[in-house]
Structures are given as structure tokens and as C-alpha cells.
Number of protein chains: 2
Amino acid sequence: MDRRAKIKDIALRAGVSPATVSRALSDSGLVAEPTLSRIREAAQSLDYRPNVRARNLRTQKSMAVLLVVRDVSNPFYLEIFKGVEATAREAGYSVLMGNTENHPDRELEYFDMLRDGHADGMVLMNGRLPSSHARDAEQLARLPIVVALEIIEGCPLPHVQIDNAASAYGAVKHLLSLGHRRIAHICGPVPEVMSVLRREGYRKAMAEAGLAVPEGYEPIGDYTIPSGAELCRQLFSRPDKPTALFVANDEMAFGAINELRKLGLDVPGDVSVVGFDDLFLSECFYPPLTTVSQPRADIGKQAMKQLLRVMNGDDSVEALVEMPTTLKIRGSTGPAKTSDN
Amino acid sequence: MDRRAKIKDIALRAGVSPATVSRALSDSGLVAEPTLSRIREAAQSLDYRPNVRARNLRTQKSMAVLLVVRDVSNPFYLEIFKGVEATAREAGYSVLMGNTENHPDRELEYFDMLRDGHADGMVLMNGRLPSSHARDAEQLARLPIVVALEIIEGCPLPHVQIDNAASAYGAVKHLLSLGHRRIAHICGPVPEVMSVLRREGYRKAMAEAGLAVPEGYEPIGDYTIPSGAELCRQLFSRPDKPTALFVANDEMAFGAINELRKLGLDVPGDVSVVGFDDLFLSECFYPPLTTVSQPRADIGKQAMKQLLRVMNGDDSVEALVEMPTTLKIRGSTGPAKTSDN
DNA sequence: CTGAAAGCGCTAACAG
DNA sequence: CTGTTAGCGCTTTCAG
């Protein structure tokens, strides 16, 4: 007996029809007791396992979801993976990794996978839609997709995100409260929404404090370490050097801090730095980075939860779930030197 | 026309049989030219996409592989994900995330998924087998599984790994060449093979240098930052404080360095530290960490390549692929103080 | 509560 | 080169 037992085999052994076996094994409650346990025993003794491919065809489901990111090797996603994976598992879904590398072709590919039945739903963290899909809002809204982390403007799909502007605002407020006045902002790749929003928060806090943002105080980076270093160097070659930096993500903040060290400037003695994201390692960096912490695992969980609702046709889907951030005040920020005020 | 076109629809429109359509669309080369393009056009105009679920059932394949790790949120895996994903994609496979959290139940679960046809193969980075499978080597060897990164002793499956002992040996040699004599080793969770091998490399280098390893110079950690900090503190409360540390992974090395800072010791001025793994951020850590760099993306690629061979019944599968490591010498190691010799 | 029958959409013999 | 036929293994009407 080498081949896998199928439902038919167990029907034969239990002396019932395949249909009954199917019903018994799916806990439908439609099978009576003497039969039920007979079937279960037969299944057990034959070491039966349902063939998912057959089931998938019949039910037109895959019990899998697609988790699409720009770059699987970005550490930022790690805990989101975990959150999504945990929630998906619980509901019986498995998770397919999608990696777009910011290629429009690949972005489209995952939409196709959805269409083709590779997966039943998708958590999209890609920040944009394939152009072919962006047009028709009606049709788009019907797709089983939840947008997480990133924000796609004017997109009718449910979103799970943080309040980027408010979080940035809070971070800058913190610097202000420490007495800083010359606060520069190393910005993300505008015009991406997320970067724009974080910059907005910065501007709002500055404006409220009655501070003008000097020309060139908002250089634009690309979220990478070298970019943070480079822009920091630029900023500190100015006559009006900042005493504090609000950096749009932690990686650029790392780059900036290392650059400051090279310039002989102490953090936070000479310059305070606030990041955004709270990466693994931001805490054990030296100095420990003050940063806006996103509840990444929860974002993953929420996104998957929403997606489950979408896939179940549950109408309690929320168009927008906003997750709270917290400013983690650590060692990279300190009071402004009084001479600098 | 709302419903998806199926092969039958396009057969109808092109005036051929479904079988011919299937052949045409799969580039089998069995369809002649006038027919071929007619079919392609029909498919195009109907916006046809094959239903993967039907195909999967028919072909008894899933065109998916399972990538099983202990903890998806461990940054170490990031580039491996990328390597596996890239190679899998190229071959038309998608990648399912598997996360065991070191639970035997979950480990088994993924083996079951393989059996059940969720995936056609598995890259196992879990370091052990479910007890139910460990017994029967014959049967195990027939499963489409490649073990990567971790080493499972006596397991007949193909492995893709690095030479842990030799890499550790090289790391310690580096410290020796800098004049260090009191070199301690913060060890991983023995008796796990990987930790044992790294310790072996350390011991070998020490022995060759004619140095005895003092009692307690090889404390055992669990690869986490706090564990590195704690063991470092212990080590430096001894009378015979080390002048150098070889730490079994980068995370514990981070913990150790932060602890040294707290103790008022300079790295590398007072103490040199070598890590293992070369994480994202090890380079931008302060001081930049000297560490053994594993070619993670390549490990992922190789593992997937081997798995493709296994799944294709290709007999060129190598039982063991050993990937080369390189010692990245950065700022956390320096010459021993002469007074310490 | 159980059985019979139909079919999900595709591919692969087997003929022609 | 193309058509016919027969399932892959399961679930789900529809009857009884």
C-alpha cells in the first residue's frame, strides 16, 4: 500500500459513500454518530489526508494569501510578516511571499496571481497600483485586497496605516521641547505620500513654534543609510548648522549619526537625532535611537484581519484602520546647548 | 460577459478543441502555425488566464515551495528569503512562508503541508526534523526537501551550509594575530550542531596557539542581545578578564559591546570583539563590527537550486554544498595592548 | 441522515 | 498536427 489514501478508499472501508465521508471529515454535523466514528477510524487507520489541490479546485479557493512588499530583504517588514503569518495561520490560510522590487511588471504579476487563483486575497504594501488597475475604482474595490503600511491615494481599498503626519509632528515637538530651534528634516523620497506626510508633520510643528524652515533644511533622501550620511554632511556644511535632525526613517538616521561621528560631533551632546520606524537594532545602536515606533506586528495582524473579513464578504470591513505610534525617547536626543538658542 | 473565460470558450471561438488550446498555450510546439496564432488571438481577446487550481489538480503540482524558518522575524533570514524567492520565481515557483517558532507541532505541520500538496518542495532551515520523520531515513530521503543554513546530523537530505568550524577558526586566528591571548568565546546554545561547530573552531585555534581555555571562558548564550550582554558582564567580573571576545553571532556581540561600553571599556581599545553572521547593520553599528560574513543570498539561491533539482528528479543534486564565508575586518577589533600580553 | 451523480477546469493518453 | 475521451480528488446539489 504505497499510494495515498483517497476519500474513496476510506468510503469503501467504512462502508459508506464518498459524499458521507466528505461530510464527516468536514465536521458538517450532517453525519450521525455510529457512522461518524466509523469513518474517522477508517480515515485514521488509512492515514488519510485530504488532497488540497482537489479541494481547491472544487471550492474555488486556495486558502492562501499574498503578502506583497517592495523588498523582502527590508528589515522593516519582519514583524509585519510575523503578524500577518500568525493571523493567517489561525484562520487556516498560508502566506505567499511577494517581492516587487519596485518593478511595475512584478507588481502587476501579483495582481495576476490573485486573478489566477494562486491566492484568495492580498495584503499590499507596495505603495501603488499597477496602472491597468488604477483606472477602474469600481472593479478595484471588489478585489480582495487590503493596503497596509503604505498609503495609496484615492484608492477605494481598505487601508491599515499609521498617522504619519501626527507621528512626525510629535517627534519634532519632542525636539522643540528640548529647546532646539534649528531643526532640519531629512526627508523621504517625495512625492511618495508617506514622505510627504512626515514632512507635513515636521512643517506643522515648526510653524506652530514660530520657526521658519530655511531653504535646504529639508533635503530629500531615499531611505537608505548612505543617503542619510550624505544629506547629513550637506546639512552640516552650511553656516546655519542644525542642532537637531528629524530623519524620516531609522536607516537614514543611522547613516546620519555615523556621519556626525565622523564630523566630530557628539550625539546627543552637539546634535540630537530622531528617527522613524524603530527598527530591530535601533535600540541597541549607539547611541540608542530616539524614534517613532510603529506597531508593526499589529499592523500585520490588523491587515490580515481586515483581509479575512473582505474575503468572507463580511461587511464590517473598515475603510481605514489607523494604528497608534509611540515616540520612544532614547539616547540620541538631549537638550539643546544654551549657547545655540 | 462577467465570468472568466475558460479554455472551452477560447476553443469555441477559435474553432478548435480544448486540447489544442491547451497545447497551444503551453508552447508545446505541437500546434501548427495558422491554428496557433488564431488561438493566441482568441485567448488574448477573451483576456484568458488559465485557472491554476484546475491545472494543479490535473498535474499534481502546486508550483509552490515552502520556506521554513524558526522565526520569520529574525533579520538573519532576510537575504535568504530574497535568494530563495528570486530563484524560485525564475523557475515559476512561488514561495510559502513557514514559521515554526521552534514548536515541534508546527514543524510537523509543514511536513504535512508538503504531503497534502500545498507545496512541491521545502527549504528547511529549522535545524531539526519532526520526531516522526527522523526515524525512517529511507523514506525521508525521498522527500523533496533541502536543508539549508542549519545542519541536521545524520540526515540523508541534501544540505546547503557553511563551514562553521573553519569560519570560527579563522575569526579567532584574526584575534590571535592581533596579539590577543586571553580570548573568550560567547557560545551559542549547545548542543545545537552549529554552536558546537563554532566552538570547535575556537578551541582548535586556541589549542594551536598553545593557549589553554580557562574554565568559564566559554559561557553559553541563546543568540539574543540580552544574553550577549549578560554573559559579557560575567566574563568581565572575573579576575582574568579577556582582552578579546569571539561571539557566536552578531546579536550577542551587539549586546556584549553595549555592555562593555557600560563597563567603561573601549572597543577595540580595551577589548576586541568578533561576531558571526554579518547582519544588516553590523557595518553601521558603532564600532563597525568585525564579523564572519555568510553569503546569505547565495545560500538561499543554492538551496532553491538544489531543491529544483530534487523536484525535477535531477540526479545532479549534491549531498552537501558548502558556501564560502569571509571575515569582514572592521572597527571592533584591534591590537592587544602590550601590557596585556 | 445518506447516496447518486455531476462537475470544478484543465491536461494527457490515445487515436487518427 | 488535431480531436476525443477520460479523469485528477474532492464537494455539493438533489433525491430519497
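First the proteins, then the strands, lettered A, B, ... as listed; each starts at 1. All values below come from the heavy atoms of this structure, side chains included, with hydrogens, waters and symmetry mates left out.
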- Task: Run the salt-bridge test on Asp298(B) and Lys305(B) with the 4.0 Å N-O cut-off and return the result as yes or no.
- Result: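 Salt bridge flag = no for Lys305(B) with Asp298(B).
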
- Any Lys/Arg nitrogen of Lys61(B) or Asp120(B) sitting under 4.0 Å from an Asp/Glu carboxylate oxygen of the other? no

- Task: Only counting residues at least two apart or in another chain, list the ones meeting side chain to side chain contact (heavy atoms under 4.5 Å, CB included) with Lys6(A).
- Result: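 Residues passing side chain to side chain contact (heavy atoms under 4.5 Å, CB included) with Lys6(A): Arg3(A), Asp9(A).
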
- Neighbours of DNA chain C within residues 112-120 of chain B, by heavy-atom distance under 4.0 Å: none

- Check DNA chain C against residues 32-41 of chain A and give the residues with a non-hydrogen atom under 4.0 Å, in numerical order. Ala32(A), Thr35(A)

[X] (side chain) donor-acceptor with [Y] (main chain) under 3.5 angstrom:
X	Y	value
Ser22(A)	Pro18(A)	no
Arg70(B)	Asn126(B)	yes
Arg309(B)	Ser316(B)	yes
Arg4(A)	Arg115(B)	yes

- Message: Treating primed atoms plus P, OP1 and OP2 as sugar-phosphate and everything else as base, which nucleotides of nucleotides 10-16 of chain D get B, S or - for protein heavy atoms under 4.0 Å?
- Response: BBBB---

- Among Val72(B), Leu67(B), Val69(B), Leu66(B), find the residue that satisfies the side chain to side chain contact (heavy atoms under 4.5 Å, CB included) test when tested with Met97(B). Val72(B)

- Query: What do the steps show when you test Ser37(A) against Glu33(A) for side chain to side chain donor-acceptor pair (under 3.5 Å), and what is the final call?
  - Reply: CA-CA 6 Å; Ser37(A) 37; Glu33(A) 197 22 85; 2.8 Å; yes

So how far is it from [X] [atom1] to [Y] [atom2], rounded to the nearest 0.5 Å?
X	Y	atom1	atom2	result
Ile10(B)	Arg38(B)	CD1	CZ	11.0 Å
Cys155(A)	Leu140(A)	SG	CG	5.0 Å
Met122(A)	Leu143(A)	CE	CG	7.5 Å

- Query: Can you name the closest pair of heavy atoms from Glu150(A) and His159(A) and give their distance?
  - Reply: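 Result for this residue pair: O-CD2, 3.8 Å.
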
- Of all heavy-atom pairs between Asn102(B) and Arg128(B), which one has the smallest distance, and what is that distance?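 The pair with the smallest heavy-atom distance is O-NH2, 2.9 Å.
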
- Item | Along DNA chain C, first and last positions that approach a heavy atom of chain A under 4.0 Å | dC1(C) to dG9(C)

- Query: Taking five pairs at each end, how big is the angle between the two axes of the helix from dC1(C)-dG16(D) to dG16(C)-dC1(D), to 10°?
  - Reply: 30°

- Distance-only side-chain donor-acceptor flag, Ser45(B) / Arg13(B), under 3.5 Å: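 Yes.
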
